[in-house]
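For reference, the structure is listed below as structure tokens.
Throughout, protein chains are lettered first and strands after them, A, B, ... in sequence-line order, and every chain is numbered starting at 1.
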2 protein chains.
Amino acid sequence: MPKVETFNRQQVLHNATEVFHKKGYNGTSMQDLVDATSLNRSSIYNSFGSKLGIFMDVLSYYHATYKRQIGKKVVSSHNASDTLNGIFDIYINDILNDNDEKGCLILNSKSEMTNQDLTIKAFIEENQEQTLALLEDIVYNGQMEKIFNKNQTPAQYALYLFTGIQGFRMTGILNKNQDDLKNLAQTIIKVLY
Amino acid sequence: MPKVETFNRQQVLHNATEVFHKKGYNGTSMQDLVDATSLNRSSIYNSFGSKLGIFMDVLSYYHATYKRQIGKKVVSSHNASDTLNGIFDIYINDILNDNDEKGCLILNSKSEMTNQDLTIKAFIEENQEQTLALLEDIVYNGQMEKIFNKNQTPAQYALYLFTGIQGFRMTGILNKNQDDLKNLAQTIIKVLY
DNA sequence: TCTTTACTGAAATGAACGTTTCAAAAATAA
DNA sequence: TTATTTTTGAAACGTTCATTTCAGTAAAGA
């Protein structure tokens, strides 16, 4: 029987994510990935097929870590308002710990690659739809709980929150002031009350 | 006396802007620029020094066209609320006419290049400060006119609006529904009333 | 006309790009 | 131990990268 994959796939993806996140898709070379993963060039091609292949896996890996974090907040929070605040807390935390102004990998990929590669575009669209669905759900619950107003439909508020989060991430690239960010999050959420 | 520069610099910058906007900085090659500008490779180096050099000129060119548009709105509007709506109208118009999902060149550069090149980062920071100052001024006027509330300082609301605009631009990459966008703009502005 | 300077064109620079190849090493199950 | 299959390592693939070079052409003031 064959020799089995020896490297730690999660660890490799973690390291690859770091490079892509820091340098972007076009800015990252195969050599960068070889260096970051300590994997052989051939092993990368054997296991991921191509640069685009490993990048797609990296996007999924990155997305999954967020989905996990947000999922926890959703189940642990007492109401829709709590949930929203919890989600912004996650982003604030990430912004404050982003020491080299990388921003959000998915947003970066959206602006760099949406119009360059259909596979990446499809991922971004899918990610967007999932996020909007989640936000819509939260808003709907908040409106049922009479915590949020009904000036806009859940779908409309979801798009607003989605927009707010994207802007929040972009602002956070160059503004790491915690008070500013907390206040900003509150101002964004305020429309819903 | 010397022969003088013959090509139309504005036209060249316009064409170069289009390529950089479409492909990003790392995705654009010197050959792309030669093709787009119809300039000789040597002429580009003679006139702009380097790829980074022409890119910086492109950023300034792109920024200037926005500054001109926004300046017009500012002087032609009757009050702060009008001004804000006018600014969002500019972005809505650009989003609807962005047929190949390019997004905003400056935002794209922010996410792609802020952590890769100090010259570009400096430009982005300067641009950000100018925009915040403009927004702060508009908010201040709106508060003086009693159109906007004083729940937040002009600087705080400026950061909020700046964030909203960035999110707006990012959302507009994949969502070109005019009604959605108009409603979104109104929702963003609403906090100030 | 002559000198000065800049644009043009094409070729060449060396380095880096993503990807492929292949023989050797390693690991499992029979 | 042996057969099977994959991971390695290193070199090489052809292409493209940003940039330079340089001889030739063009334009304007002296």
Whole angstroms only, please: what is the [atom1]-[atom2] distance between [X] and [N]?
{"X": "B:L39", "N": "C:dC7", "atom1": "CG", "atom2": "P", "value": "9 Å"}
{"X": "B:N26", "N": "D:dT16", "atom1": "CG", "atom2": "C1'", "value": "14 Å"}
{"X": "B:L33", "N": "D:dT19", "atom1": "CG", "atom2": "P", "value": "10 Å"}
{"X": "B:Y25", "N": "D:dA18", "atom1": "OH", "atom2": "P", "value": "8 Å"}
{"X": "B:I44", "N": "C:dG9", "atom1": "CD1", "atom2": "C1'", "value": "13 Å"}
{"X": "B:M30", "N": "C:dA16", "atom1": "CE", "atom2": "P", "value": "18 Å"}
{"X": "A:N46", "N": "D:dT5", "atom1": "CG", "atom2": "P", "value": "15 Å"}
{"X": "B:N40", "N": "D:dT20", "atom1": "CG", "atom2": "P", "value": "14 Å"}

Does [N] have OP1 or OP2 sitting under 4.0 Å from an N or O in the side chain of [X]?
{"X": "A:S43", "N": "D:dT8", "answer": "yes"}
{"X": "B:S42", "N": "C:dT8", "answer": "no"}
{"X": "B:S29", "N": "D:dT16", "answer": "no"}

Is it true that B:K176 and B:D98 make a salt bridge, defined as a side-chain N closer than 4.0 Å to a carboxylate O?
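Counted as a salt bridge, because a side-chain N and a carboxylate O are separated by less than 4.0 Å.
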B:D57 bridged to B:R9 by N-O distance under 4.0 Å:
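Salt bridge present between B:D57 and B:R9.
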Under 4.0 angstrom, heavy atoms only, what part of the nucleic acid is B:S38 near: base, sugar-phosphate, or nothing?
nothing
Given that A:G49 and A:G27 both sit by DNA chain C, which one's nearest nucleotide is further toward the 5' end?
A:G27
In terms of side-chain heavy atoms of B:S47, which of C:dC17, C:dC7, D:dT7 is nearest?
C:dC7
Donor-acceptor pair, A:N108 side chain versus A:K102 backbone, under 3.5 Å?
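Yes, because the side chain of A:N108 sits within donor-acceptor range (under 3.5 Å) of the backbone of A:K102.
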What is the distance from atom CG of B:L33 to atom OG of B:S38, rounded to the nearest 0.5 Å?
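With rounding to 0.5 Å, CG (B:L33) is 11.5 Å from OG (B:S38).
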For A:Y140, look at atom OH and say whether over 12 heavy atoms of other residues, nucleotides or ligands are found less than 6.0 Å away.
no
